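Quick notes on the structure that follows.
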Amino acid sequence: MKKIIIYPGSFDPVTYGHLDIIERGLKICEQLIVAVSSNPLKRTLFSIEERVILLKEVTKKMKNVQVEKFDGLLVDFLKRKEARIVIRGLRAVSDFEYEFQMVLANRRLNESMETIFMMPSESYFYLSSSLIKELVALGADISGYTPKFVENELKRKIPYAQS
Ligand code: PNS
């Protein structure tokens with residue numbers, strides 16, 4: 001059986017930080033599934049379909065990467081994929097509490113699920129989808145933060161102040 005790893009998240013939108021984690025994850029599995037959450041309680045800039053399209057575009061050259069949307073519980077998605085391992089990126093101490101809570105909540109739902117945390121390259125340590133959205137809204141240059149394709153879609157979505 002193939003060693004599958006699931007990388008779940010909102011990806012609103014995908015950043016170079018996420019791509020860094022995908023590349024690291026690929027080193028320790030045979031197939032990596034990016035699982036895009038369609039949580040209706042979370043307001044997102046991009047629809048679930050758009051987030052999947054963006055991810056598919058920026059990972060199209062990566063072998064062994066699949067992008068799928070999911071709703072409902074992550075543990076149920078894992079069961080459907082016959083997977084047990086999840087990866088998440090961990091940037092700063094501030095990420096820890098939320099991640100810790102999620103691991104424990106998921107463990108209560110499925111004892112056999114394990115989460116591996118990976119640290120992105122230090123150049124992406126401060127990077128987040130929220131930060132990028134704010135920068136675009138303020139008209140700042142985000143070329144080093146996300147691929148051009150995503151940058152263009154962001155600029156179409158967010159009318160930004162032009163000097
Ligand atoms: O990128 P995010 O928003 O930090 O990702 C959070 C995500 C999607 C991984 C998390 O909210 C999740 O797993 N959602 C699915 C619903 C679920 O299983 N919730 C219980 C575990 S906390």
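Side chains are part of it too, since the values below use all heavy atoms of this structure and drop only hydrogens, waters and symmetry mates. Just follow the structure's listing: the first ligand is 1, and inside any ligand the first atom is 1. Quick caveat, the model's predicted, so the values are computed rather than measured.
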Item to complete: Determine yes or no for a side-chain-to-main-chain donor-acceptor pair under 3.5 angstrom, with R107 supplying the side chain and M113 the backbone.
Response: no

Fill in: D76: side-chain hydrogen bond (donor to acceptor under 3.5 Å, both in side chains) partners, not counting sequence neighbours
none

Practice prompt. Taking S38 for its side chain and F70 for its backbone only, find out whether a donor-acceptor pair lies under 3.5 Å.
Written response: yes

For ligand 1, output the ligand-protein N/O contacts shorter than 3.5 angstrom; if there are none, return none.
unit_1   : atom_1 : unit_2 : atom_2 : d
ligand 1 : 1 (O)  : S10    : N      : 2.9
ligand 1 : 3 (O)  : S10    : OG     : 2.5
ligand 1 : 3 (O)  : K42    : NZ     : 2.5
ligand 1 : 4 (O)  : R88    : NH2    : 2.9
ligand 1 : 4 (O)  : Y98    : OH     : 3.3
ligand 1 : 5 (O)  : R88    : NH1    : 3.3
ligand 1 : 18 (O) : L74    : N      : 2.8

Item to complete: Measure the CG-CZ distance between D95 and R88 for me, rounded to the nearest 0.5 Å.
Response: 8.0 Å

Discussion item. Can you confirm whether F125 is buried at CZ, in the sense that more than 12 heavy atoms of other residues, nucleotides or ligands lie under 6.0 Å from that atom?
Written reply: yes

Item to complete: Might you confirm whether atom CZ of R84 has over 12 heavy atoms from other residues, nucleotides or ligands at distances under 6.0 Å?
Response: no

